[in-house]
Amino acid sequence: MGVDLPSRARVVIVGGGVIGCSVAYHLTKFGWSDVVLLERKQLTSGTTWHAAGLVGQLRQSINMTQLARYTGELYRGLEAETGQATGYRQCGSLSVATTAGRMEELKRNASMAKVFGLKVDVVGPAEIRALYPLADVDDVIGGIHIPSDGYANAVDITQALANGARSRGAQIIQDLKVTAIRHDRGRVTGVDTPQGRIDADTVVLCGGMWTRDLAASIGVTVPLHACEHYYVLFQDVPGLHPGMPVLRDYDHCSYFKYDAGKLLVGAFEPHARPWGMDGIPEDFSFGEIAGDFGHFEPVLLDAMRRVPALQHAGIQKFFCGPESFTPDVRYHLGESAEIKGCFVAAGLNSIGLQSAGGIGKVVSEWIRDGHPPVDLWEVDIRRNMPFQINRKYLRARVAESLGLLYATHWPFRQYESARGVRKSAVHDRLAAAGACFGEAFGWERPNWYAPPGTLPHYEYSYGRQNWFEHSAREHRAVREAAGLFDQSSFAKFRLEGADAVRVLNRVCANEVDVAVGRIVYTQWLNERGGIEADLTVTRLTPTAYLIVTGAETEIKDFNWLQRQIEPSAHCVLTNVTSAMGVLSLMGPRSRDLLQSLTPDDLSQRAFPFATSRVIELGYALVRASRITYVGELGWELYIPTEFMQGVYDELVAAGAGHGLVLAGYHALNSLRIEKGYRHWGHDITDEDTPLEAGLGFAVKLDKPGGFIGREALLRQQQSGLRKRLLQFKLESAEPLLYHNEPIWAGRDIVGFIRSGMYGHSLGAAVGLGYVSAPGGALVDTLDLMQYDIEVAGVRHRAMASLRPMFDPKNERIRGA
Ligand SMILES: Cc1cc2nc3c(=O)[nH]c(=O)nc-3n(C[C@H](O)[C@H](O)[C@H](O)COP(=O)(O)OP(=O)(O)OC[C@H]3O[C@@H](n4cnc5c(N)ncnc54)[C@H](O)[C@@H]3O)c2cc1C
């Protein structure tokens, strides 16, 4: 039967699960009635219909918790607003710990929750027993109780969101599949359906596990893969009642939830079973999977020990359904890098119901305003690398992803699956030298080196892990002699052509019309003055630049610059990441070491800081750039990939006489935080301006032609700063900082730690974090206040500084 299909809509949403309906609900909330949602079957018929219904609020980061928290608030009032029952009940939740590590994780999360006032109570076994009499707590150390958590019926929530959207004018059309996404010259133009096409400026892909293939059909990267996901419904469980909290037993991979007179027991087992390898069946609708009871059984047996009443209860239903999981267990949001106007909200990793409200809100604000309303980098679709839609990779990784939801989120925890994807040209040499690799965006990067006789593997804890002293040794060697870092994972672009300087100067906040051979440290800003990228730009010739940025932002930064090149401009941007490896030689003896290998003059006079030049090194010609991310004299060496091994061998051989050590990313991180160097994505984001971040020195407000974001910075200069990045050092040498720890000034929480590490030269944990100026105080004096930083519920006195505590005058970098 034909439907009344509009020929045009402002926004077309593909998919009528809880996510698509929430996007429609929120778009219409701010008056956009010209919204069409297309669902191939019935609303909720994909994954949503079988969600267990947990609506928790505490996630692993501040922003994700805020999204989940908004969801809870929305659901609380949805029934009254739409007239559709939602089954929402604020029963609270209880998470228990049976190991010291887990307890520390829960306590750290409880501290993080204080940053935005979410009430989380740390409780002991007696309180847990009182709150959940059905649980056996003999092995439980403690836990956390969140009174405002709850549960809801996913189908009813989705219908309520759909009703809300319809009542404000959205058109929701079922049994109509989007067969193709239309686009023209890099812009989305609409969708095709069997009933005809709809033109649209914006298309939002909310197709759940179908999204990867639909997106791939237009070259958009959405890495996700379905996995089997299990629960069991027990009936006749004595003592059950609707008001009992949701119980999570992370250490035994299970959760327990009251479900219409039954107890639902769900699993997040460590080795999940990927599903739908040959594509999702076309007729899949309200579908179940046969599943494998044997696979679920170990979790079930543990669950029966946790809630002994289950041993005598009957299994009413064994359920297995598909849900999509992503390589880093974070969902995908936002406008794709590849096609303008093509938005994505998919890959929900089994938290779709509890995230849908927040996702609908931020995605629709992003569509309306053209930018995300808050820093959403951790879930931004542009963080993904094209290779990540490789199905072999996805199958291997998502089998691990599902279990990571409930695994202990140890600091520095590494993925175990789908490893060895991207390797530097000297990878095998580094492995032979004892490198313990971490995975980042597919790259294998040495995080630390195991000395002879020790194994390069992690022993996780919240305290000092097994590599702490090895990394400290690398750190000190860089400060005292020389260290060699393999930073080949840097993303590298070339911008070339007659208009390169003009285009780049508009994008960079610093002046890049500089002499050939100069390196410029700069930020790229958005119109609001927020930092979109933090990188170096080297002028290679009058018409060519080398742009070097972090591995994680390869796609985002390339795309950001690409979009600023108007079609008539004479310049070409090329991603040359794979063409060059990078070895960074850093430390006070780096000059002597490097000079012993090259006839070129490396003296301070001939080769000053922030300059770059091609030098002879061994048998190769390499680009040596005198710059540093660790606060020492040093050079980043940009080496054509096939010359990497030869150059590496020469450096290491010569290094023996100069105290050279191989150093990893953990040392890089402790060195840079000591020196107060910011890291994009943590310390600086699209929400923070260079003035707030203390990077005003890299901004040329008066350069001819201006730059994107200048006017916002001028306005901010006029109105004054409301927050400012400070460096902190704990007074006690014992506690460790990672991230998200609340910063206290007296009785108020005034900020939180964005990134932290142990500062081996400063002798205590150091961190960077923004502090808001209370009651109109001047930010310039913020460092004079007294601060405490809360770690796992305990406050520790901290010193604060506006300038880096390590080498504030940059004397070591100059290395005269
Ligand atoms: C066993 C289990 C328990 C869970 N428990 C919870 C829980 O307790 N709490 C929680 O928060 N989450 C839970 N989840 C996860 C939650 O169900 C999902 O994250 C959520 O439903 C995902 O919603 P979605 O809208 O992204 O996907 P879906 O619900 O799959 O919706 C996508 C829709 O897009 C449609 N579609 C796809 N392609 C097209 C096309 N080309 N044209 C038109 N339409 C298309 C599909 O038909 C589908 O209806 C659970 C999941 C499982 C499997």
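Note that the numbering runs from 1 along the sequence shown for the chain. Small disclaimer: the values here were computed from a predicted structure and weren't measured. Counting starts at 1 for both ligands and their atoms, in listed order.
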Quiz prompt | Residue pairs, two or more places apart or on separate chains, that pass side chain to side chain donor-acceptor pair (under 3.5 Å) and touch residues 201-214 | solution = Arg8-Asp201
Practice problem: Quickly, which of Asp249, Leu247, Val123, Ile144 forms a side-chain contact (heavy atoms from CB on, under 4.5 Å) with Ser95? Name it, please. | Solution: Ile144
Please tabulate, for the side chains in residues 52-63, all donor-acceptor contacts under 3.5 angstrom to protein atoms that are two or more places apart in sequence or on a different chain.
residue	atom	partner	partner atom	Å
Gln57	NE2	Ser148	O	3.2
Gln57	NE2	Ser148	OG	2.9
Gln57	NE2	Asp149	OD1	2.7
Gln60	NE2	Glu105	OE2	3.3
Gln60	NE2	His409	ND1	3.1
Ser61	OG	Met64	N	3.3
Ser61	OG	Glu378	OE1	2.9
Ser61	OG	Glu378	OE2	2.9
Asn63	ND2	Asp375	O	2.8

Quiz prompt | Criterion side chain to side chain donor-acceptor pair (under 3.5 Å) against Tyr25, the qualifying member of Arg166, Glu81, Lys361 | solution = Glu81
Quiz item: What residues, two or more places apart in sequence or in another chain, satisfy side-chain hydrogen bond (donor to acceptor under 3.5 Å, both in side chains) together with Glu228?
Solution: Tyr230, Arg273
Quiz item: Any side-chain donor paired with an acceptor under 3.5 Å for His332 and Thr326?
Solution: no
Exercise. Return the protein residues near ligand 1 (heavy atom under 4.0 Å from any of its atoms), ordered by chain and residue number.
Key: Val14, Gly15, Gly16, Gly17, Val18, Ile19, Leu38, Glu39, Arg40, Ser45, Gly46, Thr47, Thr48, His50, Ala51, Ala52, Gly53, Leu54, Leu176, Lys177, Val178, Cys206, Gly207, Gly208, Trp210, His229, Tyr231, Gly321, Pro322, Glu323, Leu348, Ser350, Ile351, Gly352, Leu353, Gln354
